[in-house]
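The structure appears below as structure tokens.
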Amino acid sequence: MKHEQDTPEAAWEEIRSSVAERNHEAFSRRVEVSRFINRAYDDATEELADHCEEFHKLYPHDLYFQFGAQNIRNYNEEFRETHLGFLDRFIAAYFNNEKKSKTFEANPVTFAAGAFKKLHSAARSIVKETYVEGNRAVMLVEITGGFIYRRTIGAMDFRFEFERDSEGYWRLTGVRNVDELTPPILDVAETFWPKSWDLGISF
């Protein structure tokens with residue numbers, strides 16, 4: 001039986017609560033995880049490649065940006081399985097509440113999951129607007145961070161995309177404004193995890 005009364009806002013609230021409660025079943029019910037990750041990976045790859053020269057000037061120590069835009073595209077495609085596998089393990093480590101390693105180098109997965117736990121506990125979100133057109137919706141959500149590693153994480157606006165499935169439930173499928181989010185998220189990664197792109201891989 002189709003769920004005609006479901007809304008994108010209800011889906012967002014269930015996503016929020018499932019992350020806070022580490023309820024992977026509820027999270028998976030509301031997020032098309034594989035589709036979300038693959039889309040974000042492809043969009044972020046293009047943003048990093050398109051602005052490679054600019055990022056190289058900002059982060060001259062980072063080998064990732066030293067060999068040009070096409071190298072980034074080739075690298076991300078060659079190691080796609082490794083990178084997406086890392087994200088899968090990161091999600092599992094977070095929802096399983098695995099013990100955080102002391103350093104990124106010791107265990108990148110559990111270190112990143114532990115860092116996300118701290119960031120999430122300090123973050124706040126506000127739904128600003130929701131645009132619904134048929135079985136698709138875009139939700140503008142302001143996410144404001146607190147303090148992590150003694151640095152304030154500011155506010156960022158995420159444009160989340162939702163789709164209504166065959167049973168009438170809204171599910172998160174992607175982020176529309178990866179272009180706007182890449183620079184501030186990259187800056188956090190470069191500041192705290194300067195080798196976060198290198199999962200044991202060398203050029």
Side-chain angles (χ1 to χ4, degrees), residues 15-45 47-48 55-56 58-67 71-72 75-125 143-156 158 160 172 175 178 181-203:
I15 292 169
R16 277 171 28 100
S17 63
S18 68
V19 172
E21 297 165 8
R22 298 178 187 266
N23 185 335
H24 187 261
E25 182 179 354
F27 179 78
S28 298
R29 185 167 57 242
R30 286 298 195 172
V31 181
E32 292 192 17
V33 179
S34 179
R35 181 179 176 187
F36 183 95
I37 290 175
N38 275 276
R39 288 183 60 189
Y41 187 81
D42 290 338
D43 290 347
T45 295
E47 283 302 310
L48 294 169
F55 291 139
H56 176 52
L58 289 172
Y59 313 108
H61 63 280
D62 196 332
L63 289 173
Y64 188 70
F65 298 113
Q66 289 187 11
F67 301 100
N71 183 78
I72 289 177
Y75 177 88
N76 278 15
E77 184 58 33
E78 182 176 356
F79 294 105
R80 184 187 193 93
E81 185 175 341
T82 299
H83 295 156
L84 297 188
F86 171 85
L87 292 175
D88 287 340
R89 293 193 300 275
F90 161 80
I91 292 171
Y94 175 78
F95 281 101
N96 291 332
N97 199 20
E98 295 181 22
K99 184 178 179 181
K100 178 188 174 185
S101 62
K102 292 183 179 180
T103 65
F104 185 89
E105 290 75 15
N107 189 323
V109 171
T110 58
F111 185 87
F116 177 77
K117 177 183 177 181
K118 286 185 177 181
L119 183 59
H120 178 265
S121 65
R124 299 291 180 269
S125 67
I143 298 181
T144 306
F147 288 89
I148 183 171
Y149 304 112
R150 299 183 179 180
R151 175 174 173 175
T152 302
I153 305 299
M156 289 185 283
F158 287 74
F160 291 118
L172 179 61
V175 181
V178 169
L181 298 170
T182 298
I185 292 175
L186 174 63
D187 188 60
V188 171
E190 290 284 349
T191 300
F192 300 118
W193 314 305
K195 292 185 178 180
S196 58
W197 60 270
D198 182 2
L199 307 176
I201 304 167
S202 299
F203 284 102

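All values below come from the heavy atoms of this structure, side chains included, with hydrogens, waters and symmetry mates left out. Throughout, numbering of the chain's residues begins at 1 and tracks the sequence. Values in this document were obtained by computation on a predicted structure and should not be read as measured data.
- For an aromatic pair to be called close, the ring centres must be under 6.0 Å apart, and Phe67 with His56 fails this.
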One pair to check against side chain to side chain donor-acceptor pair (under 3.5 Å): Asn71 and Tyr64. What are the steps and the verdict?
CA-CA 9 Å; Asn71 183 78; Tyr64 188 70; over 6 Å; no
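- Listed here is the closest heavy atom pair of Leu186 and Leu48: CD2-CD2, 4.2 Å.
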For Val175 and Asp43, what are the C-alpha separation, side-chain angles and deciding distance, and is it a side-chain contact (heavy atoms from CB on, under 4.5 Å)?
CA-CA 9 Å; Val175 181; Asp43 290 347; over 6 Å; no
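- Phe160 and Phe158 have parallel rings, their planes meeting at less than 30° on a 0 to 90° scale where 60° marks the start of perpendicular.
- What you find for Arg124 and Ser121 is that their closest heavy atoms are NH1-O, 3.4 Å.
- Glu81 CD to Asp88 CG: the interatomic distance, rounded to the nearest 0.5 Å, is 10.0 Å.
- Between atom NE2 of residue His61 and atom CD of residue Glu190 there is a gap of 4.5 Å, rounded to the nearest 0.5 Å.
- Considering only heavy atoms from C-beta on, Lys102 stays 4.5 Å or farther from Phe111 through its side chain.
- Between the side chains of Asn96 and Arg22, not a single donor N or O lies within less than 3.5 Å of an accepting N or O.
- The aromatic rings of Phe116 and Phe90 lie perpendicular to each other, with more than 60° between the two planes, well past the 30° mark.
- One N or O on the side chain of Ser18 and one on the backbone of Ile15 form a donor-acceptor pair closer than 3.5 Å.
- Here the side chains of Met156 and Thr144 are not in contact, with every heavy-atom distance at 4.5 Å or above.
- Taking CZ of Arg89 as the reference point, atom CG of Leu84 lies at 10.5 Å (rounded to 0.5 Å).
- Taking every heavy atom of both residues into account, Tyr41 and Asn76 meet most closely at OH-O, 2.6 Å.
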Going through the checks in order, is the side-chain contact (heavy atoms from CB on, under 4.5 Å) test met by Thr45 and Glu77?
CA-CA 9 Å; Thr45 295; Glu77 184 58 33; over 6 Å; no
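- Atoms CG and CZ, from Leu172 and Arg30 in turn, are 10.5 Å apart once rounded to the nearest 0.5 Å.
- Closest approach of Val178 and Thr182 over heavy atoms only: O-OG1, 2.7 Å.
- Looking at every heavy atom in both residues, Asp187 comes nearest to Tyr59 through OD1-OH, 3.0 Å.
- Across all non-hydrogen atoms, the minimal contact from Ser101 to Asn107 is OG-O, 3.0 Å.
- In this pair, Phe27 and Phe95 present their aromatic rings tilted. The plane angle is within the 30 to 60° band.
- One finds the CD atom of Gln66 at 11.0 Å from the CD1 atom of Ile72 (value rounded to the nearest 0.5 Å).
- In this structure, CD1 on Ile143 lies 9.0 Å from CG on Leu181, to the nearest 0.5 angstrom.
- Using a 30° and 60° split on the angle between ring planes, Phe65 and Phe55 fall in the tilted class, from 30° to 60°.
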